[in-house]
Structures are given as C-alpha cells and as structure tokens.
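In listed order, ligands and their atoms are each counted from 1. For reference, positions follow the sequence shown, starting with 1.
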Amino acid sequence: MKADLHCHSYYSDGTQSPALLVQRAIENQVTHLAITDHDCTAAFDEVLGDEVLGDEVPSGLTEISVINGVEISCGWESLEIHVVGLFVDHKNPELQTLLTMQQLARRQRVQAMNEKLEAQGTFGLLDSLEAMPCMAYTRSHVAHFLVSQGVCKTHQKAFKTHLAKRGKIYVASDWCGLAEAVFAIKAAGGIAVLAHPGRYPLNKVKLETLALAFKAVGGEALEGSYGNINPKVMQQLAQLAIKHGLYLSAGSDFHDPVARWTNIGRFPPLEQVNQEHAIWQHPIWQKRYCLAR
Ligand code: AMP
Ligand code: MN
Ligand code: MN
Ligand code: MN
C-alpha cells in the first residue's frame, strides 16, 4: 500500500485536472490518493469515489482508491493554519456552507488585491482568474499572473515582494477558525488532519500548543510526512502525534509538474515503528478498506 493523502487539482491552485492527478498517482504506484483542494471539493463532482466520470478516464483505475478530501484555511492566533479533511461527504450541507464562505472570502481578497494592483498600473487579474476552472482563488494564482505580466521574475519572488505580509498588494485573509473547520469536516463524516505542521513559523512549544488546540476541537491526526520534510522534523512530528494520541497522515502536497522536485507519492514514508499510529488504523479507514473484505 502507498497512500498520498494531500494534493491539489486545478479547482484550487494545482495545474492538473483530477483525472490527470489520478493518472499520475497510478503511474507512481500510489494505491490511495486523496485530492485535497483549498476550500473546495469540485474535484469530486468529477471523481466520485473509485469512479472517474468524464472523458479523461485513467487506465488502471481499478488499482487505485480515490479519497474525497479538502484543505481548509483557518485563522489561529495570528497565523494561517491548514486543516485537511479526509473521507468527507462532499455533498454535506455543513461542509458546503463553510466552503462557500471561504470561497467568497477568497474572491473578496483577490478583488482587494486587484484594486491595489490596478493602482500600481497592472490590469487583468480578475479576467485571468475567471478564465480558469478554479473555484478557490489563491495567492498562488496571483503569483502566476504577476509572473505572466512581467511584474515579477518568479513565483517565489512574487510571494516575497507582493503577496507575503507587508508585500505590495498584501491583503489579510478572513478565514474560519480551527473549530469551525474541524466541525464541518466531522459533520461531513471525515477525519480532520493538521496539515504540514512543520511549515508554520512556530517553535516546538508553540507547535504543541497548536496540536493541543486542534485536538481540543476534535482534530484527530497530523501530517507526519510531506514533500521536502526534514528527517528531524519528521521525528518530532511523530513524537508529538504519539504523545497526544493523534494519528499520523502523509501526503505530497503536489500542485504542479513544473515544480519537478515535487510529485504525487514523493515524500518519506512513515517509519515502520510508527505504523500503529498511522491514519490507516483509524476506524473510518478500517471500515472502508479492511472490515468489509
Ligand atoms: P492562499 O491560501 O491563497 O494564501 O495561497 C497559499 C498557497 O500559495 C499555498 O497553498 C501554496 O501553494 C502557495 N504558497 C504559499 N506561500 C508560498 C511561497 N512562499 N512560495 C510559493 N508558493 C507559496
Ligand atoms: Mn496551495
Ligand atoms: Mn497547505
Ligand atoms: Mn496543500
């Protein structure tokens, strides 16, 4: 078994269709793929459970299980924290109500960024976004636009000069809280996972505070591995999860094949000694894949 439980399609800031992600996962010997777009589940109007509708049906589809997921942006203290939901019922009204609000907040943020950009003499951001299949507008889209217009040399530089806090067109985000995200994921029957905990600007003590706050509102797992994770951080995260009775999840956070150092299925596997804490031991996973067989 090889599970990749975090990636993005072109319905958020990935560049590929859900079907192409599934195809790539099959090519990379991934057996379980969760598509986890930012604040949006449109991928599952196309990819339904183990079935892919539409023209782009990947070959070898019976060898892979597609898991309905989402990645919800949350405000916690002064930080933006991401919560992944796995096995969510994408038609659940509580979940969709929250996602609609998040998508609206994203739209409003991008409009405010566009105003700042127009004041600086760059036009066309909103038109460029509307031409995409995207349902959740992200700063990553804005970064690509800035590069396409020659305003910034690279995507990275666009974040640095324009999109980061104190950047030229920075606009604060209005995200839901951790509790609301976890509540909606659980209402939709899913498992709430703290995404890439090592990527937040938090020291060890603060990270533990976050893990506890997440658990206190019903969070059940954290990502113990992802693309480019450092082995020391991986060890720390496993310890943190085990100490607080959280399951360990793992995923590539793949967005775009142009970033050649990332790929579906590409991240260090959870260590053998930590397998008993892996998310595949969670009752929801067991019920779906193990008990019925
Ligand atoms: P948003 O959720 O709209 O703030 O957009 C955040 C997305 O932009 C993340 O999910 C990443 O894919 C990407 N991103 C965030 N920070 C950076 C960065 N410094 N460089 C490149 N991409 C980034
Ligand atoms: Mn992203
Ligand atoms: Mn994230
Ligand atoms: Mn992500």
Side-chain angles (χ1 to χ4, degrees), residues 4-16 18 21 33-43 67 69-76 78-86 88 99 101-114 125 129 132 134-147 152-176 181 185 192-201 221-223 225-229 249-264 266-267:
D4 186 335
L5 304 175
H6 188 151
C7 72
H8 297 271
S9 80
Y10 61 25
Y11 289 116
S12 66
D13 58 350
T15 56
Q16 299 200 311
L21 292 175
L33 178 73
I35 301 175
T36 55
D37 277 314
H38 295 288
D39 297 310
C40 136
T41 56
I67 296 165
V70 66
E71 182 176 19
I72 303 180
S73 292
C74 305
W76 181 74
S78 59
L79 296 176
E80 293 185 27
I81 302 296
H82 291 179
V83 175
V84 162
L86 298 175
V88 292
L99 297 185
M101 277 166 42
Q102 295 275 106
Q103 286 165 24
L104 182 65
R106 287 183 170 282
R107 213 168 275 270
Q108 288 168 340
R109 181 178 61 159
V110 120
Q111 279 162 354
M113 284 179 173
N114 183 54
L125 172 63
L129 292 177
M132 297 180 190
C134 174
M135 303 290 294
Y137 297 142
T138 71
R139 286 182 299 161
S140 193
H141 294 101
V142 181
H144 283 298
F145 175 75
L146 291 172
V147 174
C152 300
K153 280 224 169 85
T154 66
H155 191 252
Q156 273 300 330
K157 281 188 181 155
F159 268 91
K160 213 166 167 189
T161 58
H162 285 70
L163 299 168
K165 262 187 195 166
R166 289 183 288 276
K168 287 182 189 165
I169 60 164
Y170 176 74
V171 177
S173 315
D174 186 20
W175 305 138
C176 66
I185 289 166
V193 183
L194 184 62
H196 41 65
R199 288 200 195 141
Y200 307 118
L222 60 77
E223 285 182 348
S225 182
Y226 33 89
N228 291 333
I229 193 171
S249 184
S252 60
D253 203 3
F254 176 78
H255 285 73
D256 183 357
V258 166
R260 298 176 80 117
W261 57 93
T262 71
N263 206 340
I264 291 196
R266 181 158 172 194
F267 52 90

Going by side chain to side chain contact (heavy atoms under 4.5 Å, CB included), Val110 matches just one of Val171, Thr138, Val142. Which one?
Val142
Nearest protein heavy atom with distance in Å, relative to atom 1 (P) of ligand 1
Arg109 NH2, 3.4 Å
Gln102 side chain to Cys176 main-chain N or O, any donor-acceptor pair under 3.5 Å?
yes
Can you name the atoms of ligand 1, numbered from 1 with element, that are less than 4.0 Å from a heavy atom of His255?
12 (O)
Check each atom of ligand 1 against the heavy atoms of Asp13 and keep those under 4.0 Å away; list them by number with element.
7 (C), 9 (C), 10 (O), 11 (C), 12 (O)
Is the closest heavy-atom distance from His8 to ligand 1 below 4.0 Å?
no
Polar protein atoms near the Mn ion (ligand 4) [N, O or S; cut-off under 2.8 Å]
His6 NE2, His8 NE2, Glu71 OE1, Asp253 OD1
Minimum side-chain heavy-atom gap Val84-Ser249 below 4.5 Å
no
Would you mind finding which of Gln102, Glu80, Arg106, His38 brings a heavy atom closest to atom 2 (O) of ligand 1?
Arg106
Among all protein heavy atoms, pick the one closest to atom 4 (O) of ligand 1 and tell me residue, atom and distance.
Arg139 NE, 2.7 Å
For ligand 1, is any non-hydrogen atom under 4.0 Å from Leu163's backbone (N, CA, C, O), its side chain (CB onward), both, or neither?
neither
Closest heavy-atom pair and its distance - Pro201, Leu79
CG-CD2, 3.7 Å
What is the ring orientation for His255 with His8, classed by angle as parallel under 30°, tilted 30 to 60°, or perpendicular over 60°?
parallel
Quick check: do Ile72 and Asp39 have side-chain heavy atoms less than 4.5 Å from each other?
yes
Do any nitrogen or oxygen atoms of His82 come within less than 3.5 Å of a nitrogen or oxygen of ligand 1?
no
As an exercise, state the distance from CD of Gln16 to CD1 of Ile35, rounded to the nearest 0.5 Å.
10.5 Å
Ligand 1 atoms in contact with Thr138 (distance to a heavy atom under 4.0 Å)
3 (O), 5 (O)
How about Phe267 and Ile229: do any of their side-chain heavy atoms sit closer than 4.5 Å?
no
Report, one line per pair, each donor and acceptor closer than 3.5 Å where one atom sits in a side chain of residues 155-170; sequence neighbours left out.
| residue | atom | partner | partner atom | Å |
| --- | --- | --- | --- | --- |
| His155 | NE2 | Ser140 | OG | 3.1 |
| Thr161 | OG1 | Lys157 | O | 3.0 |
| Lys165 | NZ | Ser78 | O | 3.3 |

For the backbone of His6 and the side chain of Asp4, can you confirm whether one donor and one acceptor N or O come within less than 3.5 Å of each other?
yes
Tell me: protein heavy atom nearest atom 15 (C) of ligand 1, and distance?
Phe159 CE2, 3.4 Å
How is the N/O/S atom of Asp13 that comes nearest to the Mn ion (ligand 2) named?
OD2
